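In what follows, a single structure is set out as structure tokens and then discussed.
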Number of protein chains: 2
Amino acid sequence: MAEAGFARFSAREVAKRVGYSVGTLYNVFGSYDRFVLAINTRTLLGWTQALEDRLSGAGPDRIGALVNGYFDFAEANPNRWMALYDHRMPPGEEVTERFNQAFGGLIGIIEREVAAVLGSPVDAVTHALTGSLVAIVHGHCTFALNGTYRSFGGDPRAAALARIRAALTVTHY
Amino acid sequence: MAEAGFARFSAREVAKRVGYSVGTLYNVFGSYDRFVLAINTRTLLGWTQALEDRLSGAGPDRIGALVNGYFDFAEANPNRWMALYDHRMPPGEEVTERFNQAFGGLIGIIEREVAAVLGSPVDAVTHALTGSLVAIVHGHCTFALNGTYRSFGGDPRAAALARIRAALTVTHY
DNA sequence: GGAAGAAATTGATCACTGTCTATTTTCTAT
DNA sequence: ATAGAAAATAGACAGTGATCAATTTCTTCC
């Protein structure tokens with residue numbers, strides 16, 4: 001996935017490279033979508049770990065550390081990161097519990113820092129605000145990786161951080 | 001594309017439905033990627049038109065009209081809108097000039113309104129800020145359409161608009 | 001050590017995809 | 001009516017996800 005990217009990823013190619021037949025892959029994972037989901041869960045866990053590492057070595061600007069950690073992981077693993085959003089479950093099928101937990105864990109890390117900055121408890125309000133802040137960084141990161149941001153000019157991660165700070169400032173009042 | 005979505009879209013199926021053979025589609029468009037690009041260019045032009053219509057019937061809150069127009073188009077045409085970002089050119093190949101122009105036109109509409117709100121001329125600074133604001137809305141809209149925002153709680157378009165206003169407020173100073 | 005049963009693995013097969021090209025059909029202008 | 005250009009076709013190719021009966025490998029117990 002890291003090497004080929006979501007569009008060119010193939011279960012058969014994986015089977016060939018790991019020395020198993022296609023059938024085994026399907027016995028283990030059930031379907032192509034569940035296979036990709038397993039990979040994406042792994043990516044999510046690695047990303048969470050990267051953010052935690054950033055925070056543990058961070059100075060007073062923990063929000064800045066998170067935004068930079070977010071971008072750094074995505075830029076270091078563009079194909080894996082993009083696969084997280086390129087892949088969609090077929091209509092009717094639900095995402096794995098493990099995947100949801102991994103995603104929740106990632107958001108939880110960010111949420112704690114958002115609440116800390118605002119001096120608020122971790123509640124529904126900070127949860128919703130965290131989602132919105134993540135959406136801000138996600139949008140900037142997406143445009144950075146797919147080349148859209150180049151036509152805008154400026155540094156996407158600096159812009160994202162500025163918008164986050166503005167949001168947190170205004171929310172203070 | 002509107003009906004099947006990017007993942008399940010197929011040139012052969014299109015050929016069948018329009019009553020031509022696959023070969024003709026390839027004679028006309030050159031490749032699958034260029035075919036999708038032609039569709040996406042059309043989507044971009046339709047989206048631009050929708051935003052212009054909104055603005056022409058808008059009250060004093062033109063930024064609000066843009067954000068709502070952005071969301072409304074995406075929610076009314078989820079598959080077409082998502083295809084805009086799901087599709088990526090194969091490495092080495094470039095996007096059509098027509099596509100870039102259509103995208104530039106869309107951004108231009110937003111940029112004029114951003115400059116107007118700030119009382120600034122349309123220059124490199126407002127251009128970069130516009131890109132950042134579009135990234136904000138894009139992130140919220142993406143999470144709204146792919147279901148991610150549900151787990152956050154709250155209304156994605158209201159959140160996007162609040163973040164935009166915060167960004168424009170802080171930028172004033 | 002060997003046999004019975006469970007577990008894991010295989011590969012052939014299916015319907016589908018994008019891509020390409022030689023061939024045929026249709027149109028256009030003289 | 002005809003020569004030449006343009007448009008459209010069908011079929012072949014290599015690749016995909018999916019399925020499943022048949023085979024191989026591993027456990028377990030006597």
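Predicted, not measured: the structure shown is a model, and the values here were computed from it. Atom set for the values below is all heavy atoms of this structure, side chains included, hydrogens, waters and symmetry mates excluded. In the text below, chain A, chain B and the rest are named by the order of the sequence lines, each starting its count at 1.
- With no hydrogens or angles considered, no side-chain donor-acceptor pair links B:N146 and A:R88 at under 3.5 Å.
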List every contact pair, protein side and nucleotides 7-14 of chain C side both N or O, where the distance is under 3.5 Å.
{"unit_1": "C:dT9", "atom_1": "OP1", "unit_2": "A:Y20", "atom_2": "OH", "d": "3.3"}
{"unit_1": "C:dT10", "atom_1": "OP2", "unit_2": "A:S21", "atom_2": "N", "d": "2.8"}
{"unit_1": "C:dT10", "atom_1": "OP2", "unit_2": "A:S21", "atom_2": "OG", "d": "3.4"}
{"unit_1": "C:dT10", "atom_1": "OP2", "unit_2": "A:T24", "atom_2": "OG1", "d": "3.1"}

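- Between B:K16 atom NZ and C:dG18 atom P there is a gap of 11 Å when expressed in whole angstrom units.
- Taking only side-chain nitrogens and oxygens, B:S31 never comes nearer than 4.0 Å to OP1 or OP2 of C:dG18.
- Side-chain polar atoms of A:T142 and B:H138 form no donor-acceptor pair below 3.5 angstrom.
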Residues B:N40, B:T43; criterion side-chain hydrogen bond (donor to acceptor under 3.5 Å, both in side chains); working and verdict: CA-CA 5 Å; B:N40 282 349; B:T43 302; 4.6 Å; no

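- Taking a 6.0 Å sphere around OH of A:Y85, one finds it holds more than 12 heavy atoms contributed by other residues, nucleotides or ligands.
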Verdict with reasoning, B:N68 to B:R54, per side-chain hydrogen bond (donor to acceptor under 3.5 Å, both in side chains): CA-CA 9 Å; B:N68 279 312; B:R54 278 308 171 96; 5.9 Å; no

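- Within the 4.0 angstrom heavy-atom criterion, base atoms lie near A:Y26.
- When rounded to the nearest whole Å, the span between NE2 of B:H87 and C1' of C:dG18 equals 12 Å.
- Taking atom OH on B:Y32 and atom P on D:dG15, their separation rounds to 19 Å, with Å as the unit.
- In this entry the distance linking CZ of A:R8 with C1' of D:dG15 reads 13 Å, nearest Å.
- Under the rule for a salt bridge (charged side-chain N to carboxylate O under 4.0 Å, His left out), B:E97 has no partner lying at least two apart in sequence or in another chain.
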